[in-house]
Amino acid sequence: MLKKAAILDSDFTIKTSLTMNSKNERLSDVVLKLPYSFYCHEQNRAEITDHEQIASTWLENNIAAKVITCISDLQILQIIKDSYQISQNSAVKFYADWLKQACDVFTTSFYERNYTDLEALRNKSEIISDEEFIRTILYGDSKIGKDNNLGEIKDTVLVITLTQCLQMKCINFCSDDKRARRSLLSFSVNELFPINSISYMGFYWVAKQKKLLDKKEATDFLSGWKKICKPFETNVTIKEHISRKQPDYPKRNIDDMFAAIWNDEVVMMNDGYLVYATELSDKKIQILEN
């Protein structure tokens, strides 16, 4: 059985670390009870630091405790080198190919427009130094800028690396941004490489399945979230008419969906969306393994 890796994105980390129950316990600490190896990319670490101090402190403490492994682009390069036993220059070519795949998930022009210097570097005959590699990557990242799915792009590169080099099965603890999530889940390195996903609300379903929380405990956490969340975050995007080529993605009240989870009226598919169980007549529908 493949070892499972949980990739924590910025949005999921912020929301779960800010969700506290009446005992001042964090939902993010319940997440860490799952039997996975937890990872984040350095880009997500930076994004969380920029936006939310509480979440940043929680993340830094768990990185320091070696509960979460934070991976940088340079470390990814080293993993590639060690895994394939190849030179630095060859590893840069692998990284560039995987970064292009990750960029193409979101916008096909991202890589060509922002990483022209990396393309030039990959064709260099002289030995590429760590400093050159990092400087080139950071320049491309800066051209993409903030709020353009850079965190999700780097998550995807990390997923490819863990899957291809370390033979791990990756689960994306993901943003509730429908566009980002659907784009990421459309990506595959090959036909045998689905990226499973768990969203914020989907984690309550997982917690029930794994018996991490009983209903009273889960209700306590949800109440804590509703006290601090923005009004639009009391709605949950679900998936309907899944047999259609283009399913619908309506929003439902968070309390209604929470009740549906505990009444066994919904399941979570491997793309992270909650679906009413009455729609699952087709055995080909892939439900998240629990």
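Positions are given from 1, in the same order as the sequence printed here. What you are looking at is a predicted structure, and each value in this text was computed from that prediction instead of being measured.
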Just to verify, what does Lys208 make a side chain to side chain donor-acceptor pair (under 3.5 Å) with, not counting sequence neighbours?
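Applying side chain to side chain donor-acceptor pair (under 3.5 Å) to Lys208 gives Asp264.
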
Could you note down all residue pairs passing ring-ring contact (aromatic ring centres under 6.0 Å, His included) where residues 145-171 supplies at least one of them, sequence neighbours left out?
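Counting only pairs at least two positions apart or across chains, no ring-ring contact (aromatic ring centres under 6.0 Å, His included) contact touches residues 145-171.
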
If a pair satisfies ring-ring contact (aromatic ring centres under 6.0 Å, His included) and one of its residues is in residues 135-169, list it, with sequence neighbours excluded.
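Listed once each, the pairs would be none.
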
What residues, two or more places apart in sequence or in another chain, satisfy side-chain contact (heavy atoms from CB on, under 4.5 Å) together with [X]?
| X | value |
| --- | --- |
| Ser83 | Cys165 |
| Asp214 | Lys216, Glu217 |
| Leu166 | Ile79, Leu162, Met168 |
| Ile54 | Leu18, Arg26, Glu52 |

Considering residues at least two apart in sequence or located in another chain, which fulfil the ring-ring contact (aromatic ring centres under 6.0 Å, His included) criterion with Tyr204?
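So Tyr204 forms a ring-ring contact (aromatic ring centres under 6.0 Å, His included) with Tyr200, Phe258.
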
ring-ring contact (aromatic ring centres under 6.0 Å, His included) partners of Tyr276, counting only residues at least two apart
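Listed in chain order: nothing, the list is empty.
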
More than 12 heavy atoms of other residues, nucleotides or ligands under 6.0 Å from NZ of Lys33: is that the case?
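No, NZ of Lys33 has 12 or fewer neighbouring heavy atoms, counting only those of other groups under 6.0 Å.
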
Would you be so kind as to tabulate the donor-acceptor pairs closer than 3.5 Å made by side chains of residues 219-226, with sequence neighbours excluded?
| residue | atom | partner | partner atom | Å |
| --- | --- | --- | --- | --- |
| Thr219 | OG1 | Lys215 | O | 2.7 |
| Asp220 | OD1 | Ser22 | N | 3.2 |
| Asp220 | OD1 | Ser22 | OG | 3.4 |
| Asp220 | OD2 | Ser22 | N | 3.2 |
| Asp220 | OD2 | Ser22 | OG | 2.7 |
| Ser223 | OG | Thr219 | O | 2.9 |
| Lys226 | NZ | Asp255 | OD1 | 2.7 |
| Lys226 | NZ | Asp255 | OD2 | 3.1 |

Check salt bridge (Lys or Arg N to Asp or Glu O under 4.0 Å) between Glu25 and all other residues, then give those that pass, not counting sequence neighbours.
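None.
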
With a 4.5 Å cut-off on side-chain heavy atoms, are Lys239 and Asp271 touching?
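Yes. Closest side-chain heavy atoms under 4.5 Å.
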
Is the distance between the ring centroids of Phe173 and Phe203 less than 6.0 Å?
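Ring-ring flag for Phe173/Phe203: false, centres at least 6.0 Å apart.
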
As a quick check of understanding, evaluate salt bridge (Lys or Arg N to Asp or Glu O under 4.0 Å) for Arg135 and Asp117, giving each step before the final call.
CA-CA 10 Å; Arg135 183 170 62 249; Asp117 286 4; over 6 Å; no

What's the verdict on salt bridge (Lys or Arg N to Asp or Glu O under 4.0 Å) for Lys100 and Glu112, showing C-alpha distance, side-chain angles and the deciding distance?
CA-CA 8 Å; Lys100 184 180 186 306; Glu112 287 78 4; 3.4 Å; yes

Side-chain donor-acceptor contacts of residues 60-67 below 3.5 Å, not counting sequence neighbours, with atom names and distances?
| residue | atom | partner | partner atom | Å |
| --- | --- | --- | --- | --- |
| Glu60 | OE1 | Arg45 | NE | 3.4 |
| Glu60 | OE1 | Arg45 | NH2 | 2.7 |
| Glu60 | OE2 | Arg45 | NE | 2.7 |
| Asn61 | ND2 | Thr57 | O | 3.3 |
| Asn62 | ND2 | Trp58 | O | 2.9 |

When you measure from the side chain of Asp248 to the backbone of Pro250, do you find a donor-acceptor pair of N or O atoms at a distance under 3.5 Å?
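No, because the side chain of Asp248 does not come within donor-acceptor range (under 3.5 Å) of the backbone of Pro250.
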
Carboxylate-amine/guanidinium contact Lys93 Asp97, below 4.0 Å:
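No salt bridge links Lys93 with Asp97.
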
List the steps and the verdict of side chain to side chain contact (heavy atoms under 4.5 Å, CB included) for Ile238 and Met201.
CA-CA 10 Å; Ile238 68 168; Met201 196 62 192; over 6 Å; no

